[in-house]
Novice: 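Quick one: this structure, given as structure tokens, is what I'll be asking you about.
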Protein chains: 2
Amino acid sequence: MAQRSVSEKASSQTLKAVLGIRELVFSGEVSPGERLSEVNLSARLGLSRTPVRAGLARLEQEGILELIPSGGYTVRSFTEADIVDAIELRGVLEGTAARLAAERGISPSRLASMKAILAEIDKVVSGPDDAFDFPRYAEMNAEFHDLLKVLSGSDIISREIDRVMRLPFAGPSAFLNAQPDIPAFRTSLVVGQAQHRAIAHAIEMREGARAEAVAREHSRLARQNLDFVMDDHKLMAQVPGLMLVSG
Amino acid sequence: MAQRSVSEKASSQTLKAVLGIRELVFSGEVSPGERLSEVNLSARLGLSRTPVRAGLARLEQEGILELIPSGGYTVRSFTEADIVDAIELRGVLEGTAARLAAERGISPSRLASMKAILAEIDKVVSGPDDAFDFPRYAEMNAEFHDLLKVLSGSDIISREIDRVMRLPFAGPSAFLNAQPDIPAFRTSLVVGQAQHRAIAHAIEMREGARAEAVAREHSRLARQNLDFVMDDHKLMAQVPGLMLVSG
DNA sequence: TTGGTACAGAATGTATACAGTTAGTATCTC
DNA sequence: GAGATACTAACTGTATACATTCTGTACCAA
């Protein structure tokens, strides 16, 4: 993880609570709809109720927990439609970031950074098929999307992109874990990289509409992968957070 | 306010804290950059530290407070550029809601609701100039934007729109308080209503691209009003939250 | 057997007490 | 007079105790 986004409260205990509960949720140790008891979590995480409580409130804000009217929280369950919408939302926001970057212009040094990242991804993608370095690809892909966010030049926009990315199945690297097994996915990486280049070129040429359109379309690769993965339960288990899906 | 959005914690004391602190911030009783002491707030609001603390954490998530690395919170200060971006963001999100509504279709009953709201706004706008009912306009305008959000059919999108709207200067009714005094603003209401109708028509005709484009442009009326208001400090004071602006 | 009521257990919401840290001030030294 | 150091006061982060509310179960009545 390149940076820890806007505010990931430094306070040790509360941070442990947030991370711990997130882990419990996304690893599937607690099921969607299940009620999360503060005392239970306190015991499991070895913390007192106070930081656990703070963590719960925060994760509710993040959207992975739901408030029970009578009090307490449950794990939110997502439908496949929710995930489609979350991916669409990411596309819209990244598209906006790309457009703003194009319209407002970016500094030469940042343009250079972007080209450097693209070159790195090229190295990975153009390598031999049998020695494909997936972790490296995931890393550089995340860096590209991180930079795109920054290039928007807007804290307000960056913040919202961070928020959507916190829904793990909406992020640009969500389906990478499931990809090594499937040949068709390899193709999508090549296509994805072509789109990266198009976005970068559009920003450089200050073609805002094109930058937005391509960035938006780029996110739909994820939707395509989602459809693929949803047909296979074994694959679903490899995508973080996809266990929260239940019609 | 038609509904109280996603989750406005029912818990009495915590709710008081959130509302109370928001009020203190937006009324300008605490200045941007000022540190908010928990004990001080507890005393002022007549609550214990626990709900105050919960409220602070929440308002930080909402984006009107900032976390101090060494602990505690300050009132976040916004630049004019931030507000422009927030308005742009609202336009992008409402545009997406409108597009999805058009692409996916809406029920006849909801279409009827939308038309009813438009008729109500027409009544207000087409009335005599000297007896213009601003509160009524604000109410129906808010209802239109609320419905547009719902028409997206997506909880994920609705949630994000709610978030942006919580930044008071980004909402569709942000500049209404300052409008009665300025004749030029009256014109913008007529234009705005024409855009409302265009959005509704595009949704009904399932013209997604048009719905998105018009909804996005619609938000730029707010930007126009912002430019106008920012030149006049007396007017600025009438727009909620605009006191948080400082270069 | 089914429905309702009452009671008990548990869980949340709130308050407060405690510890560690930060920031500010005053004094001392150079 | 200026800078540095030490001390004090306030504040945050955490833990725990208390009260109220909710939930689930058991028992009773129809």
Side-chain angles (χ1 to χ4, degrees), chain A residues 4-25 29-76, chain B residues 4-25 29-76:
Chain A
R4 194 147 56 214
S5 80
V6 182
S7 75
E8 197 85 308
K9 220 170 260 185
S11 147
S12 187
Q13 302 302 89
T14 302
L15 181 60
K16 274 187 206 164
V18 171
L19 264 41
I21 300 170
R22 254 207 223 119
E23 172 67 19
L24 286 174
V25 169
E29 284 190 63
V30 290
S31 317
E34 188 178 335
R35 182 172 190 155
L36 292 173
S37 151
E38 293 179 5
V39 288
N40 181 9
L41 289 174
S42 298
R44 277 172 95 161
L45 300 174
L47 306 166
S48 98
R49 269 185 63 206
T50 305
V52 167
R53 197 177 168 67
L56 287 170
R58 177 173 178 147
L59 294 173
E60 190 261 342
Q61 279 291 311
E62 281 190 16
I64 68 170
L65 299 184
E66 224 163 2
L67 206 76
I68 303 174
S70 63
Y73 300 90
T74 62
V75 178
R76 180 165 171 201
Chain B
R4 195 148 53 216
S5 81
V6 183
S7 76
E8 195 86 308
K9 222 170 261 184
S11 148
S12 187
Q13 303 301 89
T14 302
L15 181 61
K16 275 188 206 164
V18 172
L19 264 41
I21 300 170
R22 256 207 222 118
E23 172 68 19
L24 286 174
V25 169
E29 284 190 62
V30 291
S31 317
E34 187 177 335
R35 182 172 191 158
L36 292 173
S37 152
E38 292 179 7
V39 288
N40 181 8
L41 289 174
S42 299
R44 277 173 95 160
L45 301 174
L47 306 166
S48 97
R49 271 184 62 208
T50 305
V52 167
R53 199 177 167 67
L56 287 169
R58 177 170 178 149
L59 293 172
E60 189 262 341
Q61 279 291 311
E62 279 189 17
I64 69 171
L65 299 183
E66 226 163 2
L67 206 78
I68 304 174
S70 65
Y73 300 90
T74 62
V75 178
R76 180 165 168 200

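As the structure is a computational prediction, the values presented were derived from the model and not from experiment. To find a chain, count down the sequence lines: A is the first, B the second, and so on, and within it residues start at 1.
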Novice: For the pair made of CD in A/Gln13 and P in C/dA19, what is the distance, rounded to whole Å?
Specialist: 16 Å
Novice: Are any of the side-chain heavy atoms of A/Arg58 and A/Thr14 separated by less than 4.5 Å?
Specialist: no
Novice: How many whole angstroms separate atom CD of A/Glu60 from atom P of C/dT12?
Specialist: 15 Å
Novice: Quick one: closest heavy-atom pair of B/Pro51 and B/Ala17, and the distance?
Specialist: O-CB, 3.4 Å
Novice: Assign B/Thr50 to base, sugar-phosphate, or nothing according to its heavy-atom contacts below 4.0 angstrom with the strands shown.
Specialist: base
Novice: To the nearest Å, give me how far apart CZ (B/Arg53) and C1' (C/dA15) are.
Specialist: 14 Å
Novice: For the side chain of B/Pro51, counting heavy atoms from C-beta on, which of D/dT12, C/dA15, C/dT22 is nearest?
Specialist: C/dA15
Novice: Between residues 29-48 of chain A and DNA chain C, which residues have a heavy-atom gap below 4.0 Å?
Specialist: A/Arg35, A/Leu36, A/Ser37, A/Glu38, A/Val39
Novice: How long is the line joining CG of B/Leu65 and P of D/dT12, in whole Å?
Specialist: 13 Å
Novice: Looking at every heavy atom in both A/Gly63 and A/Arg76, which two are closest together, and how far apart are they?
Specialist: O-NH1, 3.0 Å
Novice: Out of C/dT14, C/dA23, D/dT12, which nucleotide sits closest to the side chain of B/Arg49?
Specialist: D/dT12
Novice: For residues A/Val52 and A/Glu38, report the shortest heavy-atom separation together with the two atoms involved.
Specialist: CG1-O, 4.1 Å
Novice: For A/Tyr73 and A/Leu67, work out which heavy atoms get closest and say how close.
Specialist: CE2-CD1, 3.0 Å
Novice: In whole Å, I'd like the distance from the OH atom of A/Tyr73 to the C1' atom of C/dT12.
Specialist: 10 Å
Novice: Closest approach of A/Val30 and A/Val25, non-hydrogen atoms and distance?
Specialist: CG2-CA, 3.7 Å
Novice: Reckon A/Ser70 has a side-chain N or O less than 4.0 Å from the OP1 or OP2 of D/dT23?
Specialist: yes
